[in-house]
Number of protein chains: 2
Amino acid sequence: MKIQHQRLYEQVISYIQENIDKNIFKIGEKLPTERSLAEQLNVSRGTLRDAFRVLESKKIIETRPGGGRILLKAIDSIISVEDDILVELKNSKMLDLIEARELLEVGMCALVCTRITDEEIQEIEDLLQRQKEENDFSSSSYFHLALAAACDNHVLENFIKLNMQLIKEVRDQNFINKNHQSQAFEEHLELLNAIKERDILKSEQAVRRHFINMRERLQF
Amino acid sequence: MKIQHQRLYEQVISYIQENIDKNIFKIGEKLPTERSLAEQLNVSRGTLRDAFRVLESKKIIETRPGGGRILLKAIDSIISVEDDILVELKNSKMLDLIEARELLEVGMCALVCTRITDEEIQEIEDLLQRQKEENDFSSSSYFHLALAAACDNHVLENFIKLNMQLIKEVRDQNFINKNHQSQAFEEHLELLNAIKERDILKSEQAVRRHFINMRERLQF
DNA sequence: AATACATAATTGGTCTATCCAATTATCCAA
DNA sequence: TTGGATAATTGGATAGACCAATTATGTATT
């Protein structure tokens with residue numbers, strides 16, 4: 001028998017949830033201050049802050065040091081219909097995943113070429129340099145993630161992250177894992193050079209070549 | 001200008017993440033105790049607990065009162081858990097969503113053109129015909145969904161579905177978000193002030209800013 | 001009366017110290 | 001060797017204090 005004693009801070013989260021439901025705490029407005037809420041609920045500031053930290057990490061509240069906390073949205077909107085789509089996606093075929101990924105990254109190229117900063121290019125170059133020096137090509141993901149970040153579109157970036165994760169899951173399921181990581185590294189270099197020239201066409205072609213090879217390696 | 005000072009507990013999370021990456025903290029094993037880690041990092045127990053609470057809410061660690069904390073899985077420095085990606089996506093800007101959507105659909109075109117069947121073309125034609133007859137153009141989604149289905153790639157199809165849903169949610173969210181309403185009010189004030197100063201340039205800039213924000217809010 | 005600026009109060013961030021309860025380790029006796 | 005009482009450890013929670021950023025207040029200047 002395992003009785004799960006609910007910690008105080010979890011009860012506090014429930015309390016806040018109720019108050020949102022009852023429209024006592026209104027979206028867009030300030031929540032009561034730490035001190036007043038703590039007194040009202042008869043808990044310590046620390047416990048209350050435990051609850052706030054969790055809500056903060058879920059982007060439900062925003063904390064402004066010195067300026068109170070703001071309720072951004074209701075808690076229950078976290079979970080919803082999207083779960084179905086996720087289930088569908090988790091049952092995807094590897095080929096579809098790769099095809100989608102290629103489409104995303106090819107399309108992303110134009111955005112990256114126009115928006116990437118010199119600093120970001122430098123960072124990516126450093127990243128590749130480190131991989132070369134340490135002879136560690138195990139994490140080609142970092143390169144793709146860096147590019148995704150440089151396109152300055154959080155939706156695209158997260159779509160690519162999602163795709164990455166799905167590929168990983170599907171691959172793990174199928175026990176496919178090969179080590180052709182250094183080849184990917186060469187291809188990364190080639191792509192970065194094209195981007196440095198701000199050459200959309202060349203960079204897109206580099207991506208296409210990269211994906212042809214990655215497809216064979218099943219290594220993204 | 002918005003410089004986001006990173007709170008201590010966020011740095012602690014990064015530290016823990018690094019130690020997981022370096023395999024110093026191993027999955028399935030206990031983490032250092034609160035007191036020892038706090039001393040090691042030179043932070044208070046409370047700050048450390050802030051970090052642990054967040055990791056706990058993400059199911060990365062399990063806390064056993066009196067029995068230490070266990071590392072359940074890696075934070076996955078590369079890709080966060082799908083839930084986190086969803087949370088991120090739900091906080092997307094409308095412009096990013098639309099840009100990503102355009103990218104998806106543009107890229108999808110080639111696939112559709114090569115894979116769509118005559119029957120599918122006929123169905124979509126019928127769909128448009130019905131909309132025309134019934135003079136109901138409220139559901140343009142069906143057209144896009146039909147195309148997505150015709151590309152014969154379930155990943156792409158579900159990405160587009162996800163994008164659609166996100167657009168809907170973000171729109172709804174912003175509509176009821178008084179925070180943004182008050183933000184619009186602030187922008188009105190700013191514009192009026194510029195006009196009061198008879199400052200043409202400043203007022204024009206205020207208008208531009210206002211419209212950029214309104215586009216993101218989809219509130220006109 | 002309106003504005004600007006210095007000042008005070010508020011609020012979250014963080015630390016220290018303390019006590020409690022559950023768990024875990026220890027040790028002695030049967 | 002085994003059981004169980006005891007001690008030590010560990011997380012849960014609180015109280016009080018101080019700092020820095022923000023916000024509110026009030027006063028002086030124009």
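Chain identifiers are assigned alphabetically (A, B, ...) following the order of the sequence lines, protein sequences preceding nucleic acid strands; residue numbering begins at 1 within each chain. Just the heavy atoms: all of them, side chains too, but no hydrogens, waters or symmetry mates, feed the values below. Remember, predicted model here, so these are calculated numbers, not experimental data.
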Next on the checklist: Nearest whole Å is fine: how far is dA13(D) P from Glu34(B) CD?
Outcome noted: 11 Å
Item to check | Axis deviation across the helix from dA1(C)-dT30(D) to dA30(C)-dT1(D), five-pair ends, to the nearest 10° | outcome: 0°
Checklist entry - So which of residues 23-31 of chain B are in contact with DNA chain C, with a heavy-atom cut-off of under 4.0 Å? => result none
Next on the checklist: How about CZ on Arg115(A), more than 12 heavy atoms from neighbouring residues, nucleotides or ligands closer than 6.0 Å, or not?
Outcome noted: yes
Checklist entry - Can you check side-chain hydrogen bond (donor to acceptor under 3.5 Å, both in side chains) on Glu10(B) and Tyr15(B), steps first, answer last? => result CA-CA 9 Å; Glu10(B) 293 176 310; Tyr15(B) 172 86; over 6 Å; no
Next on the checklist: Looking at Glu56(B) and Arg7(A), is any side-chain nitrogen of the basic one under 4.0 Å from a carboxylate oxygen of the acidic one?
Outcome noted: yes
Considering only distance and modelled atom types, tabulate donor-acceptor pairs under 3.5 Å from the side chains of residues 22-33 of chain B, sequence neighbours left out.
residue: Lys26(B); atom: NZ; partner: Asn23(B); partner atom: O; Å: 3.4
residue: Thr33(B); atom: OG1; partner: Ser36(B); partner atom: N; Å: 3.2
residue: Thr33(B); atom: OG1; partner: Ser36(B); partner atom: OG; Å: 3.0

Next on the checklist: Does Lys59(A), at its NZ atom, have more than 12 non-hydrogen atoms belonging to other residues, nucleotides or ligands within less than 6.0 Å?
Outcome noted: yes
Checklist entry - Under 4.0 angstrom, heavy atoms only, what part of the nucleic acid is Arg35(A) near: base, sugar-phosphate, or nothing? => result base
Item to check | Separation of dT14(D) P from Glu39(A) CD (nearest whole Å) | outcome: 14 Å
Item to check | Pair His144(A)-Glu105(A), side-chain donor/acceptor within less than 3.5 Å | outcome: yes
Checklist entry - At under 4.0 Å, does any side-chain N or O of Arg69(B) touch on OP1 or OP2 of dG12(D)? => result yes
Checklist outcome for this item: Value for CD (Glu34(B)) from CZ (Phe52(B)), rounded to nearest 0.5 Å, stands at 6.5 Å
Item to check | Nucleotide dA21(C), atom C1' - distance to CZ of Arg7(A) in whole Å | outcome: 13 Å
Item to check | Ser44(A): side chain to side chain donor-acceptor pair (under 3.5 Å) partners, not counting sequence neighbours | outcome: Thr47(A)
Checklist outcome for this item: Rounding to 0.5 Å, atoms CD (Glu62(A)) and NZ (Lys73(A)) come to a distance of 12.0 Å
Item to check | Nearest-neighbour nucleotide for the Leu8(A) side chain, dT14(D), dG12(D), dT14(C) considered | outcome: dT14(D)
Checklist outcome for this item: Ordered by number, residues from residues 42-57 of chain B within less than 4.0 Å of DNA chain D (heavy atoms) are Arg45(B), Arg49(B), Arg53(B)
Item to check | ring-ring contact (aromatic ring centres under 6.0 Å, His included) involving Phe159(A) - partner list, sequence neighbours excluded | outcome: Phe159(B)
Next on the checklist: With side-chain hydrogen bond (donor to acceptor under 3.5 Å, both in side chains) as the criterion, how do Gln122(A) and Asp126(A) come out once you've worked through the C-alpha distance, each side chain's angles and the decisive distance to 0.1 Å?
Outcome noted: CA-CA 6 Å; Gln122(A) 188 59 49; Asp126(A) 293 345; 3.1 Å; yes
Item to check | Separation of atom CD in Glu62(B) from atom C1' in dG12(D), rounded to whole Å | outcome: 16 Å
